[in-house]
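Report on the following structure.
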Amino acid sequence: MHNLKEIRKNFDTFKKALKKRLIDFDLEKLEKLDKQNRECILKKETLEKEKKDISKSKDKTLYTKSKEISVSIEKISKQQKIIKGDLEKILFNLPNIPHSDVPIGKDENDNVEIKRIGQIPNFDFKPKSHYELGEKLGMLDFDLATKTSGSRFVFVKNKLALLERAISNFMLDTHVTKNGYEEISPPLLASENTMFGTGQLPKFENDQFEVKVDKENDRKFLIPTAEVILTNMVKEKILDEDDLPLRFVASTPCFRKEAGSYGKDTKGMIRQHQFYKVEMVSIVEQSKCLDELERMTNCATGILDLLELPYRKVILCSGDMGFSAEKTYDIEVWLPSEKKFREISSCSSCSTFQSFRMRSRYRNKKKEILYTGTLNGSGLAVGRTLIAILENYQKKDGSITIPKVLRPYMNNSEKISLN
RNA sequence: GGAGAGAUGGCUGAGCGGUUGAAAGCACCGGUCUUGAAAACCGGCAAAGGGGCAACUCUUUCCUGGGUUCGAAUCCCAGUCUCUCCGCCA
């Protein structure tokens, strides 16, 4: 969320910057409401002062006047509340401003490839898709999941379940021991306010699974990513500069409705309502956001290097970036069956956008209170890593070679096969 | 689920319906002293929002939301959370 105090200093610059998203926002209305709101506050405060002075004076002759003032205050308060509500409706739904590094563009077609790493495998047979391989092994069962839970779910069984667990543990271990992240096992339900903090609410309510809670005014949501809960660990906190940077990592299930993606990736486990993801979150000084983004992206690609999977790094264009991000790199892994790179990680710097929503701040050496910068990135999506391993490491007979770094996590076995 | 107790500044902890944004202590920062440090002493030390070029100033905030009152941290109502005991349970 944007700091009104900052943007009103130069509304035109703000308007121009937001235009990069290539969507129209009613900023004139925002400006107007802001003005009206401040006028109301001014009037209200004048009256409040008057009233306070009377009550301090203890002058009984003024008591009736004080009552009259109360009525006026109430009236103007009501008016101000309505204006503030309208103002927030706009403000809460404005996305972050793209950083100047970000290419201007409309959608994923305008994203810019930065580099490719790794050798795209050459098969002397037609490579199978992960779901063909998984189903043939009897270790991926989509039909069963449909029966128990509906579309976009899967049962992962036997050695593939172990592989999934191995991937998750390997990633966690790497981020903890090599990359300096603190491992967290967080709650998987988040309150409404927490969802607001990272920007999932109010705009993207339709994408969230809400859990039925009997209490009124107490809404809970299944986390769509651990980013939500890890980032909010610093919600409403004033940290010390020496506490920064904070780096957290968690492996959690993630839940997404995938509303509006009907007919997209319906086959296989590319796009599921539930999937595991290892998520990294950093809380830093704002000035260090971009350096931290590079570092975090390297932590993500480091996993792919160790797994020896081919990938490319892409910078997202202004129109394709998420709501809270100022700059985002996607890491895309090669999928032989699709002959395409597919997203396996997304690393974003959100500058102070989320911090402002969460009121997460720190005190610098000069004792000034500043908003923290927040970053999040997958390191990596576990389900999609499983897919990438199946497809890239497949053999003609349908067996799967286990990447070397994962073997210690899999009783040192070298391959997964029918027997 | 039943029965009690509580929620005040970074922390601990006072608080009578009327300069209480809030005593005191700790922590922290600045100063004196010291070769340096510690101790001691002196001073400072909440956040958000509004107005002002600025010095500064005003408003709000003692869990949240209502109510009583000229005036509420203090009284009343509702809710949230925490703790203790009992029951149930992974």
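Numbers restart at 1 for each chain; the letters A, B, ... are given by sequence-line order, proteins then strands.
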Does [N] have a Watson-Crick or wobble mate here (both distances under 3.5 Å), and if so which one?
{"N": "B:rA90", "value": "none"}
{"N": "B:rC16", "value": "none"}
{"N": "B:rC85", "value": "B:rG2"}
{"N": "B:rA46", "value": "B:rU61"}
{"N": "B:rG36", "value": "none"}
{"N": "B:rU80", "value": "B:rA7"}
{"N": "B:rA73", "value": "none"}
{"N": "B:rC53", "value": "none"}

Do NZ/NE/NH1/NH2 and the carboxylate oxygens of A:Glu210 and A:Arg219 come within less than 4.0 Å?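 Looking at A:Glu210 and A:Arg219, the cut-off is met.
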Choosing from B:rU59, B:rG18, B:rG71, which nucleotide comes nearest the side chain of A:Tyr63?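 Of the candidates, B:rG18 comes closest.
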Nearest to the side chain of A:Lys67, heavy atoms from C-beta on, is which of B:rU59, B:rC70, B:rG49? B:rC70
Separation of the [atom1] atoms in [N] and [M], to the nearest angstrom:
{"N": "B:rU34", "M": "B:rA39", "atom1": "C1'", "result": "11 Å"}
{"N": "B:rC89", "M": "B:rA5", "atom1": "P", "result": "28 Å"}
{"N": "B:rU60", "M": "B:rA72", "atom1": "P", "result": "10 Å"}
{"N": "B:rA22", "M": "B:rG44", "atom1": "P", "result": "13 Å"}
{"N": "B:rG21", "M": "B:rC58", "atom1": "P", "result": "12 Å"}
{"N": "B:rC28", "M": "B:rU64", "atom1": "C1'", "result": "31 Å"}
{"N": "B:rG17", "M": "B:rG13", "atom1": "P", "result": "23 Å"}
{"N": "B:rA46", "M": "B:rA24", "atom1": "P", "result": "14 Å"}

In whole Å, what is the span from the [atom1] atom of [X] to the [atom2] atom of [N]?
{"X": "A:Ile73", "N": "B:rC58", "atom1": "CD1", "atom2": "C1'", "value": "13 Å"}
{"X": "A:Ile54", "N": "B:rU59", "atom1": "CD1", "atom2": "P", "value": "13 Å"}
{"X": "A:Arg359", "N": "B:rA47", "atom1": "CZ", "atom2": "C1'", "value": "9 Å"}
{"X": "A:Ile369", "N": "B:rC28", "atom1": "CD1", "atom2": "P", "value": "18 Å"}
{"X": "A:Asp34", "N": "B:rG51", "atom1": "CG", "atom2": "P", "value": "8 Å"}
{"X": "A:Lys44", "N": "B:rU60", "atom1": "NZ", "atom2": "C1'", "value": "8 Å"}
{"X": "A:Lys367", "N": "B:rA46", "atom1": "NZ", "atom2": "P", "value": "12 Å"}
{"X": "A:Ile238", "N": "B:rU61", "atom1": "CD1", "atom2": "C1'", "value": "14 Å"}

Answer with base, sugar-phosphate or nothing: what part of the nucleic acid does A:Lys65 contact at a heavy-atom distance below 4.0 Å? nothing
Any idea which heavy atoms bring A:Phe275 and A:Pro224 closest together, and the distance? CZ-O, 4.3 Å
According to the interplanar angle, ranging from 0 to 90°, do the rings of A:Phe153 and A:His273 count as parallel (below 30°), tilted (30 to 60°) or perpendicular (above 60°)? tilted
Taking atom types as modelled and ignoring hydrogens, do the side chains of [X] and [Y] form a donor-acceptor contact shorter than 3.5 angstrom?
{"X": "A:Asp330", "Y": "A:Ser345", "answer": "no"}
{"X": "A:Ser129", "Y": "A:Lys267", "answer": "no"}
{"X": "A:Thr372", "Y": "A:Ser360", "answer": "yes"}

Does A:Glu45 get its side chain close enough to the base of B:rG51, under 3.5 Å, for a donor-acceptor pair?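 No pair found.
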Under 4.0 Å between a side-chain N or O of [X] and OP1 or OP2 of [N]?
{"X": "A:Lys52", "N": "B:rG71", "answer": "no"}
{"X": "A:Arg38", "N": "B:rG51", "answer": "yes"}
{"X": "A:Arg8", "N": "B:rG49", "answer": "no"}
{"X": "A:Lys84", "N": "B:rG49", "answer": "no"}

Residue met sooner reading RNA chain B from 5', once A:Ser66 and A:Lys56 are mapped to nucleotides: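 Checking each residue's closest nucleotide, the 5'-ward one belongs to A:Lys56.
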Toward the 5' end of RNA chain B, by each residue's nearest nucleotide, A:Arg361 or A:Lys81: A:Arg361
Near A:Lys19 NZ, under 6.0 Å, is it more than 12 heavy atoms from other residues, nucleotides or ligands?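 Atom NZ in A:Lys19 is not packed in, count stays at 12 or less.
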Hey, what do you get for NE2 (A:His99) to CG (A:Leu293), rounding to the nearest 0.5 Å? 10.0 Å
